[in-house]
Every structure is written in C-alpha cells, then in structure tokens.
Amino acid sequence: MLTSREELDAELGEAARAWLEAALAEAADDAARPPTAADDATRSEAAADDAARSGAAADASRTAASPYASPSWELRYAAAGRHCGQRHADSVRSLLLVEARAPLASVTRLYDQGTAAERRAVLLTLHLLDLGDTALPLVEDALRANDTRLVAAAVGPYAAEHLAPHAWRHAVLKCLFTEVPVAAVARLADRARGDTELARMLTDFAAERTAAGRPVPEDLRTALALTAPAGHPAPPTAAPAPTEES
C-alpha cells in the first residue's frame, strides 16, 4: 500500500525529509521543462516500440539508450530506499513518478533497468500516470515473471483498466499458480462477473488439481464464485481430492 506525502513527512527523519523534498523538486522541474524535439522523438520511439513490442528489437533499443540522458530525478528514484528506507521506498518512488509526470520513455527505462523493487514501484504507479495503454508491455513482462511481488503489483488498477480479457484471465490464473492472493487483483468482482470463459478456465484448473490429488485453493473457489451473473449461483468446482482415510 502506498503512503501519502503527508504520512511520509510524519514518519521520515529530518535527513530523509530533506532528501525527499529535493528529489521531488527535481522531478517537478523536469515536468515543467518544455519538451525538446529530442524528447518528442524519444517518446514517440518508445511508444512505437512498446506498442509493437515483440522482443529483441525493443530490448536492443532500450539497452542502447545512454544512462547519461536520464533526468536527475531518475537517479533519485534508484536511491530512494537508501535515503528513505526500504519500507517507504515504493511510496517515495511513486511520488517521484507522479511529480515528474513521468513519460513512457522514463517509465520504461526505470522498469527495464531497475531492480525488482524499482520495477514494483513502477507497476504500482502506472494507473496514476497519463500513459493510456502504452505501458501494457511492462505489465505483460511482470506477469511472465515468477517474482510474486511483481505479479501482485502487475494486477493492480492499471491492468484492470487496460488488459484485454484474454490476458486478464491468464493474469488471474497466474495469481493462482503463484499463490498470489486474488485479493490483489483490482476490480476482480467487476471483471469476473458473468465471464463464462474465466469460469471454464478456473473449473478446468480445479479439475486438474483434483485429478492430481492436490487441494483446490480457496482463492480459486472465491474467483469462480465471482464469475456467476448477478442473481445466479456460482458454478460448482471439482469435488475435493480424496484423503487417505477415504
């Protein structure tokens, strides 16, 4: 859960508050700076790459980008944990992204070059930035990972708003596979309601686990119950796996 600026000011020490103040000022200065032709070209290229991201070409383009072209607040982003503590790092990084009105080029660079913690903060903040659906490749990348912290962050409000139905259903299944609580899935009830394809996928998954003698996760039953149309009972799951006593 992200912490507000007011809450951070109340919890951080004097040195950390001063560091945060300076970092946010740098981010605000960058946001206020009129875009140059080079900025426009960079952002257009990044948007085109992400919209058509197929793998090698986009990766090579980002890897080739010079780190010296990064605005100073991006360096602050990486140092947030060191100066404000790991407990507050997500919130500090999120504030920097919002204050800078981070464009797709910056968001992509911070995600691609960042640690797992830095990537998580990007994912947690996407819905607060004016990016439309152009940052979906970052969400899709996180959902391919086995890091449960990234998976949980990837299924937040941005995914709920922009992931296509097929990809969103697989994101729900990814949570079940990796034991990420389905409570992390933003707007699960809204998107699952009446989704017969999701119900089929969940039922098949439950049947596979039962056939293998493995328990059906309670979260699967929770998600399946949400797929029922309003006023209709939830579809049944497979019977519980037999125990040795039975």
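Residue numbers count from 1 along this sequence.
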Pairing of R169 and E197 as salt bridge, 4.0 angstrom limit: no
Connected via hydrophobic side-chain network under 4.5 Å: L2 and V122: no
Step-by-step salt bridge (charged side-chain N to carboxylate O under 4.0 Å, His left out) determination, R5 to D9: CA-CA 6 Å; R5 173 69 189 281; D9 282 344; 3.3 Å; yes
Test item: S106 side-chain N/O and P103 main-chain N/O as donor-acceptor pair under 3.5 Å: no
Side-chain donor-acceptor pair present, T125, R93, cut-off under 3.5 Å: no
Distance-only side-chain donor-acceptor flag, Y111 / D141, under 3.5 Å: yes
Pairs satisfying ring pair (Phe, Tyr, Trp, His ring centres under 6.0 Å), at least one member in residues 70-110, at least two apart: W19-H83
Side chain proximity check, Y158 to L129, heavy atoms < 4.5 angstrom: no
Exam field: side chain R193 to backbone L226, donor-acceptor pair closer than 3.5 Å: no
R200/D204 ion pair, N-O < 4.0 Å: yes
R101 side chain to A31 backbone, donor-acceptor under 3.5 Å: yes
Atom CG of D190: over 12 foreign heavy atoms under 6.0 Å: yes
Check ion pair R87-E11 (N to O, under 4.0 angstrom): yes
